[in-house]
Amino acid sequence: MNDQKIYDVAIIGAGPAGSFLAYQLSVHGLRVALFEKEKLPRIKTCAGGLSAKISDILPFDITPVIQKKIYGATVSHKFQHIFTKYTDKLLIFTVDRGDFDHYLVQYAEKKGAHLFDEERIKDLREDGDEYILTSDKQEIRCKIAIGADGAQSFLARKISLNPISRSHFGLQTEIPLDALRPFDFNTIRLDFGRLRDGYFWVFPKKETASVGVIGRLRDAVSLRPHLSDWLKLLGVDPDNVVLRGHSIPHRITHSPVSFDRIFLIGDAAGAADYWTGEGIYYALKTAQMLAGHIAAYFAGDQHALAGYERAMDRETLSDLRSSYYFSQAFNYLSAYAFKLIKNNDYPWDVFCRIMRGERTFSELQQRLKPHMLLNKIFNKKSRGR
Ligand SMILES: Cc1cc2nc3c(=O)[nH]c(=O)nc-3n(C[C@H](O)[C@H](O)[C@H](O)COP(=O)(O)OP(=O)(O)OC[C@H]3O[C@@H](n4cnc5c(N)ncnc54)[C@H](O)[C@@H]3O)c2cc1C
């Protein structure tokens with residue numbers, strides 16, 4: 001076909017990963033095509049919590065799409081022993097994901113990225129030193145192709161990459177604030193200990209709150225009755241809510257996230273925190289890392305692209321793996337850990353610092369060594385058998 005448009009980079013998926021990459025590459029003057037299968041703005045199943053450290057990454061103001069600023073957490077253990085901790089500095093912003101994601105896309109478009117929404121990419125093939133991407137409406141050519149197409153990435157499957165070592169499942173609903181049994185809506189509400197590997201949440205926004213539960217993907221069917229119990233505790237009739245669920249992918253062991261000039265970012269690369277389920281920060285961070293390497297490549301550094309995978313391992317894998325170890329230790333010792341957090345400010349302070357980007361899970365792992373604690377626990381258990 002000789003009417004195929006030609007781009008430097010084609011990005012599949014206009015979530016935070018894809019749209020932020022499109023923005024940055026357009027700033028560098030590259031020709032960028034951004035494909036999204038849904039009509040934008042689209043609904044996205046998400047609690048909409050952005051940790052405060054997101055401000056370190058985003059080069060523009062997101063005030064217009066902030067729903068609420070959160071300064072604390074109201075926490076319980078197995079639905080009991082509730083307490084609230086506060087912090088002076090901002091902890092989390094909440095957003096409506098439809099609005100937030102669309103806002104990022106609009107920034108990318110302003111810088112020159114070409115958006116094709118309501119266009120699903122269905123195929124990719126190689127042609128010399130270019131790729132041809134086929135959507136349900138057209139074919140385009142590009143030098144570099146990006147899978148920012150989420151946890152069920154089409155592109156990862158197409159090129160046989162599988163960076164996701166574990167998965168959680170999140171189930172949630174949106175409830176008007178005035179229908180919830182009140183707590184301080186300037187805090188998030190969390191409950192631990194009831195699920196083996198997960199937690200319950202309420203993330204307040206301006207007028208509604210995301211109410212949900214995260215658990216292991218293999219336990220997904222049991223999450224619905226758990227969420228019903230959580231909703232009842234919050235004063236909500238579980239039979240009168242619309243539930244939405246989605247998997248949350250985690251890359252906690254090394255596995256390829258690129259092949260030739262094809263790269264995965266965000267959820268497609270398994271870049272979501274194991275303990276908290278936080279994926280938006282990592283979607284933006286992986287986009288930021290890859291943008292630097294692609295810009296250097298087009299500026300003439302032929303070896304620049306190889307650096308992305310190393311940067312992923314250095315800057316995200318170590319943190320995601322450490323978070324996994326902490327979550328396992330926390331879940332195993334949940335009653336004790338809960339008391340520790342309730343009665344001491346140090347763990348709360350550390351959590352706040354991680355949310356603000358002043359500490360990382362991997363730094364903490366070097367100091368507290370939760371993996372050694374886990375080894376001890378599990379060795380003791382196997383000796384006892
Ligand atoms: C219930 C739940 C609650 C969550 N809460 C939080 C939270 O509070 N904070 C947080 O940080 N993270 C949260 N997450 C995780 C977060 O939603 C993801 O990590 C984040 O959306 C990843 O961004 P992304 O850009 O990589 O992918 P996505 O946001 O999933 O975007 C991928 C996009 O690709 C599009 N697409 C897919 N295939 C194609 C195709 N073939 N062609 C064209 N387009 C395609 C999709 O339509 C989608 O718009 C939650 C997840 C769940 C399930």
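The figures here come from the full heavy-atom set of this structure, side chains too, leaving out hydrogens, waters and symmetry mates. Owing to the predicted nature of the structure, the values given are computational and were not obtained by experimental measurement. Every number for a ligand or one of its atoms is a count from 1 in the order of the listing.
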Nitrogen or oxygen atoms of Pro16 and ligand 1 under 3.5 Å apart: yes

Residue Glu38 vicinity, atoms of ligand 1 by number, heavy atom under 4.0 Å: 47 (O)

Under 3.5 Å: N/O of Asp267 near N/O of ligand 1: yes

Taking every non-hydrogen atom, the tightest pair across Val202 and Ala209: CG1-CB, 3.7 Å

Per-atom contacts, ligand 1 versus Gly266 - under 4.0 Å to a heavy atom: 26 (O)

Sub-4.0 Å atoms of ligand 1 with respect to non-hydrogen atoms of Ala148: 32 (C), 33 (C), 34 (O)

Identity and distance of the protein heavy atom lying nearest atom 25 (O) of ligand 1: Ala17 N, 3.0 Å

Where ligand 1 meets Gly170 - atom numbers and elements under 4.0 angstrom, heavy-atom basis: 1 (C)

Ligand-side contact atoms (ligand 1) for residue partner Thr45, heavy atom cut-off under 4.0 Å: 1 (C), 2 (C), 51 (C), 52 (C), 53 (C)

Flag, side chain of Tyr282 to backbone of Gly270, donor-acceptor distance under 3.5 Å: no

Option whose closest heavy atom lies nearest to atom 42 (N) of ligand 1, chosen from Leu264, Thr94, Ile214, Ile121: Ile121

Heteroatom proximity flag, His246 to ligand 1, N/O under 3.5 Å: no

Pairs flagged by ring-ring contact (aromatic ring centres under 6.0 Å, His included) wherever residues 31-55 is involved - sequence neighbours left out: Phe35-Phe116

Under-4.0 Å salt bridge between Lys205 and Asp96: no

Nearest-contact summary for atom 27 (O) of ligand 1 - protein heavy atom, Å: Gly150 CA, 3.8 Å

Pair Ser76, Arg189: side-chain N/O donor-acceptor within cut-off below 3.5 Å: yes

Polar atom proximity, Lys44 to ligand 1 (N or O, under 3.5 Å): yes

Ring-face cation of Lys110 near Tyr107 (centre distance under 6.0 Å, axis angle within 45°): yes

Check: Arg42 N/O within less than 3.5 Å of ligand 1 N/O: yes

Pair Thr276-Asp273, side-chain donor/acceptor within less than 3.5 Å: yes

Aromatic ring proximity, centroids under 6.0 angstrom, Phe200 and Phe79: yes

Enumerated ligand 1 atoms positioned under 4.0 Å from heavy atoms of Gly15: 25 (O), 29 (O), 31 (O), 33 (C)

Any His168 heavy atom less than 4.0 Å from ligand 1: no

Validation row: Asp197, Gln328 side chains within 4.5 angstrom (heavy atoms): yes

Contact with ligand 1 for Glu119, non-hydrogen, under 4.0 angstrom: yes

Check: Phe326 ring centre within less than 6.0 Å of Tyr324 ring centre: no

Where Lys53 and Ile354 come nearest, the two heavy atoms and their spacing: NZ-O, 3.2 Å

Ligand 1 to Glu36 polar contact by distance, N or O atoms, under 3.5 Å: yes

Top protein contact for atom 50 (C) of ligand 1, by heavy-atom distance: Cys46 SG, 3.9 Å

Heavy-atom pair with the smallest gap, counting every atom of Gly72 and Thr87: N-CG2, 4.4 Å

Of the listed options Gly245, Gly49, Gly147, closest to atom 8 (O) of ligand 1 (non-hydrogen atoms): Gly49

Asp313 and Arg251 ion-paired at < 4.0 Å: yes

Under 4.0 Å to a heavy atom of Phe35 - the qualifying atoms of ligand 1, by number: 43 (C), 44 (N)

Nearest protein heavy atom with distance in Å, relative to atom 5 (N) of ligand 1: Ala47 N, 3.0 Å

Polar contact flag for Ala268 and ligand 1 (N/O pairs, less than 3.5 Å): no

Phe192/Tyr199 aromatic ring centres below 6.0 Å: yes

Nitrogen or oxygen atoms of Arg97 and ligand 1 under 3.5 Å apart: yes

Check: Leu50 N/O within less than 3.5 Å of ligand 1 N/O: no

For atom 40 (C) of ligand 1, closest protein heavy-atom neighbour: Ile12 CG2, 3.6 Å

Protein heavy atom at shortest distance from atom 34 (O) of ligand 1: Gly13 CA, 3.1 Å

Heavy-atom proximity to atom 51 (C) of ligand 1, best of Ile265, Ile188, Ile248: Ile248

Polar proximity ligand 1 side, Gly279 side, N/O cut 3.5 Å exclusive: yes

Phe83 ring center within less than 6.0 Å of Phe338 ring center: yes

Closest approach of any protein heavy atom to atom 45 (C) of ligand 1, naming residue and atom: Lys37 CG, 3.8 Å

Gly277 neighbourhood, listing ligand 1 atoms whose heavy-atom distance to it stays under 4.0 Å: 12 (N), 13 (C), 14 (N), 15 (C)

4.5 Å side-chain heavy-atom contact, Phe154 and Arg120: no

Test item: Ile175 and Leu234 side chains (from C-beta on) under 4.5 Å apart, heavy atoms: no

Shortest protein contact, atom 38 (N) of ligand 1 (heavy atom only): Asp149 CB, 3.5 Å

Salt bridge flag under 4.0 Å for residues Arg353 and Glu363: no

